[in-house]
Participant: 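Structure provided below as structure tokens; questions to follow.
For the single chain, residues carry numbers from 1 onward in sequence order.
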Amino acid sequence: MARRNDHTREELIALTLKTAKRFLQDHTYHELSLRKIATMIGYVPSTLVNVFGSYNLLLLHVVAQTLDELSSQAKKVVGKCSDPKEALYQLAYCYHDFAQLHPNRWQLIFEHNMNGELLPQWQAERIDNMTAMLEGLLTILAPQHSQQEVLQASRVLWSGVHGITLLSVDDKFFAAEPIDGKELIENLLSNYLNHWAR
């Protein structure tokens, strides 16, 4: 077994998270455990608890890095659009494509549970940044709406896109013919945004 001083704290954090993310490329997080990660990197589980605080917080760091990647890609696609409506479509497609590419990490974002502990501020800020992007575009598209209306509309759209994405990733549309999740997203957005912009 490697000793704690074989890596600096920062190196050990990076190695642990890289290993966990690599594992999640082909396996669900249900197949992952503190012991399994520790074994893969040559440390004992207690070392990882000392570094991260708990297995739950280790997983939360994986979620944080996943959100950072999704946020970075979302900012890129939105930044290429001069029209807020088009930016909303691209943001939704980006969300769908990211989930298709990283299904196990994406599912971990929404299935991870703090088990009664408070969500750390650094994670709450990541979530706020993601929702703020959507709210900002909706405000630009229809500035006549109140902040409360923008908030509600953003959650309606996010819930709809998330639901379609979830069914798409799990291939659970239960239809005789294949269904393209992105076509459903386009249908949802076009109908909702036409009403929203009035």
Participant: Over all heavy atoms of both residues, which pair between A142 and A197 is shortest? Give the atoms and the distance, please.
Facilitator: CB-CA, 4.2 Å
Participant: What distance do E86 atom CD and L189 atom CG have between them, rounded to the nearest 0.5 Å?
Facilitator: 10.5 Å
Participant: Heavy atoms only: give me the nearest E31-K36 pair and the separation to one decimal.
Facilitator: O-NZ, 2.8 Å
Participant: Would you give me the side-chain donor-acceptor pairs under 3.5 Å for residues 163-173, sequence neighbours excluded?
Facilitator:
unit_1	atom_1	unit_2	atom_2	d
T165	OG1	V161	O	2.8
S168	OG	H96	NE2	3.0
S168	OG	Q100	NE2	2.7
D170	OD1	Q107	NE2	2.9

Participant: For H195, does the NE2 atom have more than 12 heavy-atom neighbours from other residues, nucleotides or ligands under 6.0 Å away?
Facilitator: no
Participant: Could you tell me how the ring of H61 sits relative to the ring of W122: parallel (under 30°), tilted (30 to 60°) or perpendicular (over 60°)?
Facilitator: tilted
Participant: For the residue pair Y89 / E186, report whether a side-chain donor-acceptor contact shorter than 3.5 Å exists.
Facilitator: no
Participant: Not counting sequence neighbours, which residues clear salt bridge (charged side-chain N to carboxylate O under 4.0 Å, His left out) with D128? List them please.
Facilitator: none
Participant: Can you name the residues that form a side chain to side chain contact (heavy atoms under 4.5 Å, CB included) with N115, not counting sequence neighbours?
Facilitator: N56, N113
Participant: Is Y93 linked to L101 within one hydrophobic cluster, defined over Ile, Leu, Val, Met, Phe, Trp and Tyr using a side-chain heavy-atom separation of less than 4.5 Å?
Facilitator: no
Participant: Taking side-chain hydrogen bond (donor to acceptor under 3.5 Å, both in side chains) as the test, write out the residues that go with R155, two or more places apart.
Facilitator: E135
Participant: Between CD1 of I37 and CG of L59, what distance do you get to the nearest 0.5 Å?
Facilitator: 6.5 Å
Participant: Any chance CD of Q152 has more than 12 other-residue heavy atoms, nucleotides or ligands included, within less than 6.0 Å?
Facilitator: no
Participant: Measure the CG-CZ distance between L48 and R35 for me, rounded to the nearest 0.5 Å.
Facilitator: 11.0 Å
Participant: Do you know the tightest heavy-atom contact between P45 and A38?
Facilitator: N-CB, 3.6 Å
Participant: Is it the case that the ring center of W158 lies less than 6.0 angstrom away from the ring center of H162?
Facilitator: yes
Participant: Does atom CD of Q147 have more than 12 heavy-atom neighbours, drawn from other residues, nucleotides or ligands, at distances under 6.0 Å?
Facilitator: no
Participant: If every non-hydrogen atom of L138 is compared with every non-hydrogen atom of V150, which pair is closest and at what distance?
Facilitator: CD1-O, 4.1 Å
Participant: Distance from L34 atom CG to F52 atom CZ, nearest 0.5 Å?
Facilitator: 9.5 Å
Participant: Mind checking whether L157 and L193 have side chains closer than 4.5 Å, heavy atoms only?
Facilitator: yes
Participant: Can you see whether N194 engages K85 through a side-chain donor-acceptor pair at a distance of less than 3.5 angstrom?
Facilitator: yes
Participant: Judged by atom type as modelled, is there a donor-acceptor pair below 3.5 Å linking the side chain of N187 to the main-chain atoms of E183?
Facilitator: no
Participant: For a quick test of reading the model, state the closest non-hydrogen atom pair linking K182 to D97 and the distance between them.
Facilitator: NZ-OD2, 3.2 Å
Participant: Could you pull out the closest heavy-atom pair between W106 and F98, with the gap in Å?
Facilitator: CD1-CD2, 4.4 Å
Participant: Report yes or no: do Y29 and M114 belong to one cluster of Ile/Leu/Val/Met/Phe/Trp/Tyr joined by side chain heavy-atom distances under 4.5 Å?
Facilitator: yes
Participant: Fit a plane to each ring of Y43 and H7, take the angle between them on a 0 to 90° scale, and name the class: parallel (under 30°), tilted (30 to 60°) or perpendicular (over 60°).
Facilitator: tilted
Participant: Could you check if a side-chain atom of H112 sits within less than 4.5 angstrom of a side-chain atom of L60, using non-hydrogen atoms only?
Facilitator: yes
Participant: Going only through I, L, V, M, F, W and Y residues with side-chain contacts under 4.5 Å, is there a path from V156 to L134?
Facilitator: yes
Participant: Does the E149 side chain pair with the main chain of S146, one donor and one acceptor, at a distance under 3.5 Å?
Facilitator: yes
Participant: Enumerate, atom names and distances included, each donor-acceptor pair closer than 3.5 Å involving a side-chain atom of residues 14-26, sequence neighbours excluded.
Facilitator:
unit_1	atom_1	unit_2	atom_2	d
T16	OG1	L12	O	2.7
T19	OG1	L15	O	2.7
K21	NZ	Q65	OE1	2.5

Participant: Using atom types as modelled and distance alone, determine if a side-chain donor or acceptor of E11 lies under 3.5 Å from a backbone N or O of T8.
Facilitator: yes
Participant: Just how far is it from atom CG of L88 to atom CE of M133, taken to the nearest 0.5 Å?
Facilitator: 11.0 Å
Participant: Show every donor-acceptor pair shorter than 3.5 Å between a side-chain atom in residues 68-80 and any protein atom, with sequence neighbours excluded, or say none if there are none.
Facilitator:
unit_1	atom_1	unit_2	atom_2	d
D68	OD1	R126	NE	2.8
D68	OD2	R126	NE	3.3
D68	OD2	R126	NH2	3.0
E69	OE1	R105	NH1	3.4
E69	OE1	R105	NH2	3.4
E69	OE2	R105	NH2	2.8

Participant: Do you reckon F110 sits in the same ILVMFWY cluster as L91, going by side-chain contacts under 4.5 Å, direct or chained?
Facilitator: yes
Participant: Please report the interatomic distance CD1(I127) to CD(Q123), rounded to the nearest 0.5 Å.
Facilitator: 5.0 Å
Participant: Could you walk me through whether V51 and L58 pass the side chain to side chain contact (heavy atoms under 4.5 Å, CB included) check?
Facilitator: CA-CA 9 Å; V51 170; L58 188 161; over 6 Å; no
